[in-house]
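Order of the sequence lines sets the chain letters (A, B, ...), proteins ahead of strands, with each chain counted from 1. Here the structure is a predicted model, which is why all the values come from computation and not from measurement.
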Amino acid sequence: MFSIASSELIQIFRNRLVLITSLIIPAAVSAFFVRQHETYADLGSLGYIAAIVLFTVAAFGLYATAVTTLASRRQNLFLKRLRSTAEGDAGILAGLLLPVVVLTVVQVTAILTALAVVAGAPANVALLVVAVLATVAMMIGLALATAGLTNSPEHAQVTTLPVTLGVIAMASWVGITGTENLAWLKRLLPGGAATELTMNAWNGGVAVTDSLLLLAPTLGWVVVAVALATRLFRWEPRR
Amino acid sequence: MSTTPVIEVERLNLTYGDFHAVKDLSFEVRPGELYALLGTNGAGKTSTLEVVEGHRRPTSGTVRVFGHSPDDRRAVRPRMGVMLQESGFSPDLTVRESVGLIGRLTRRTDDVDRVLDVVDLTGRAGRKVSQLSGGEKRRLDFATAVYGTPELLFLDEPTTGLDIQSRDAVWATVDRLRENGATIVLTTHYLEEAQQRADRIGLMHQGTLHREGTVSELTHTLPGVIRFALATPVPPLPLHAVVDADGKVVVESFELQKDLHLLLGWAQDHAVELRDLAAGPTRLDDVFRAINS
């Protein structure tokens, strides 16, 4: 697994396109939100900024990159090659995804730390960590499922749009309008509950037990995504 | 040496939707032998090989490699090297990185530089895979297959696209592995290679094993051939022959030595020149051509 992960890391840094979409764009967008935090705190709250940067990095840096990587490795038969070794399927997937997951977590941590430094620390750091990890898990699951529907890295530019735009729209919708209206709908759609959890962790003022219930929809999406992935994921290109 | 088969295939069936690619196929490969799985296009040999390699699950039937299911990667893969028909390397990794990565994942140990030297890619070690020629990619593929000197080697059209020097180098390496007792499974469209090197041949056609045996067992089912050309009109030939308009003669014979002797005696007696005279057993090509007839 770690052999695959280190070779993936080399490939990410050698491929400028992947480097730009997975690292530079999310970092630039996040830097903008952190810099303009007063404007966006007025619009929503500091928790909203935390949620929007989390989802920007998770959607572009993690989800879209993971789908593109898996589609590309399948298309050039690298997945088949890896499967002709002694490594198991789980180890292969873990190795392929580990670098982008680690980069995502490092990026999110760095950006949220920057936000905390310029705008004040979050109310509940532990809960924030839980929210970040649940979001990462959900996006990995969705990436595996989407990769099954994606034939090529070019095709990934289309197949990743619904989820990337969808979760960022959810983060903004929930972050700006709250969950007083349409609470169930907002919490059940992917990203809604995770946004609310992130905002509660950053802004405080909500009982932790109530907040933890918000994990259920996010973890539910992990289960749905993994179930879809086991049906949809393919190791070799369609003939 | 153990005589337990390295590969056992029993009543293997493989279907894709309505298409029955492999039908009730049974064969075994014994330790130390070079078994060539040959066939016409679409005969099912790649499908069969993919099941034996563990890339595809059979629709029914059993396949054992070293007594294990091919799915049992931890048990089987460290003992076998696979040269795939299509490349499957990451274009952004270098040659050295690719051999190192795939080599480590086989759980065998070897020296990357030694393996690169074997396939004559030392000078390309630092190049990205995307910069290699087709033949160099085949050699890279071969390098990962022989990394750590496996006991079993799958070679799926190993020499396609290789120049003659590279081909010879590949076969020299395979010969060395065989001296150490390795078992080889080969598919190829170069029938000469199979004819020269295979201990046994399985000839597939339409999803089944059409014929199986040693090269001489396969070729003995068809007559040997004597060919020559006649420049001038001659007395009647001493044996049955087909003569075309240009004077080219073909004689088919199940008793090659006797008929050749008869022919040469006749030519001597009548002072006939047999131009471009050639005589030999049936080639594997002819066995192939006979499949559909």
Side-chain angles (χ1 to χ4, degrees), chain A residues 1-23 65-66 68-100 152-154 230-231 233-239, chain B residues 16-17 19 21 42 46-47 49-50 52-57 68 70-94 96-109 128-130 137 140-141 144-145 147-148 150 152-154 156:
Chain A
M1 180 182 92
F2 291 106
S3 305
I4 300 176
S6 69
S7 89
E8 276 303 309
L9 198 61
I10 292 171
Q11 294 178 67
I12 288 175
F13 281 97
R14 274 193 197 147
N15 191 320
R16 281 196 203 95
L17 190 69
V18 174
L19 199 60
I20 288 169
T21 52
S22 67
L23 275 178
T65 307
T68 310
T69 301
L70 292 171
S72 154
R73 304 286 178 266
R74 183 204 298 126
Q75 191 187 39
N76 63 25
L77 297 169
F78 191 61
L79 291 186
K80 185 175 180 181
R81 165 78 48 191
L82 293 176
R83 288 187 104 210
S84 70
T85 69
E87 190 69 53
D89 288 349
I92 292 172
L93 283 180
L96 290 173
L97 296 178
L98 187 63
V100 338
S152 67
E154 295 77 19
T230 52
R231 291 179 62 103
F233 194 80
R234 284 173 294 118
W235 292 93
E236 288 179 44
R238 237 175 230 141
R239 302 198 191 193
Chain B
Y16 306 108
F19 179 60
T46 297
S47 295
L49 217 51
E50 288 195 330
V52 178
E53 289 167 354
H55 285 298
R56 203 173 287 287
R57 280 183 194 211
H68 299 273
D71 285 342
D72 189 350
R73 287 187 206 164
R74 271 168 195 285
V76 173
R77 299 295 174 74
R79 303 174 70 180
M80 73 186 225
V82 181
M83 184 170 178
L84 297 170
Q85 200 179 102
E86 297 158 287
S87 194
F89 290 100
S90 184
D92 289 332
L93 292 178
T94 66
R96 178 178 277 118
E97 287 163 349
S98 299
V99 172
L101 171 66
I102 303 301
R104 270 196 304 283
L105 294 177
T106 64
R107 310 271 195 271
R108 292 190 290 273
T109 50
K128 285 189 190 174
V129 171
S130 58
K137 280 185 189 159
L140 171 59
D141 205 332
T144 60
Y147 184 98
L152 169 63
L153 187 62
F154 287 93
D156 198 350

_Is B/T144 close to chain A through its backbone or its side chain, or both, or neither, when contacts mean heavy atoms under 4.5 Å?_
side chain

*Apply the side chain to side chain contact (heavy atoms under 4.5 Å, CB included) test between A/R73 and each candidate in A/Q11, A/K80, A/R81; give the one that qualifies.*
A/Q11

*Closest-packed option against chain A by number of heavy-atom pairs under 4.5 Å, given B/R74, B/R108, B/R104*: B/R104

*Which atoms of A/L79 come close to chain B, meaning under 4.5 Å heavy atom to heavy atom: side chain ones, backbone ones, both, or neither?*
neither

*Side-chain donor/acceptor of A/R234 to backbone N/O of A/R74, under 3.5 Å*: no

*What part of B/L101 gets closer than 4.5 Å to chain A, counting heavy atoms only: side chain, backbone, both or neither?*
side chain

*Does the pair B/D71/B/R57 count as a salt bridge with the N-to-O cut at 4.0 Å?*
yes

*Give the C-alpha distance, both sets of side-chain angles, the deciding distance and a yes or no for side chain to side chain contact (heavy atoms under 4.5 Å, CB included) between B/R107 and A/T85.*
CA-CA 8 Å; B/R107 310 271 195 271; A/T85 69; over 6 Å; no

*Under 4.5 Å from any heavy atom of chain A - which part of B/E53*: neither

*Determine the option with the most heavy-atom pairs under 4.5 angstrom with chain A, choosing from B/L93, B/D141, B/T106.*
B/L93

_A/E236 and A/R83 ion-paired at < 4.0 Å_ = no

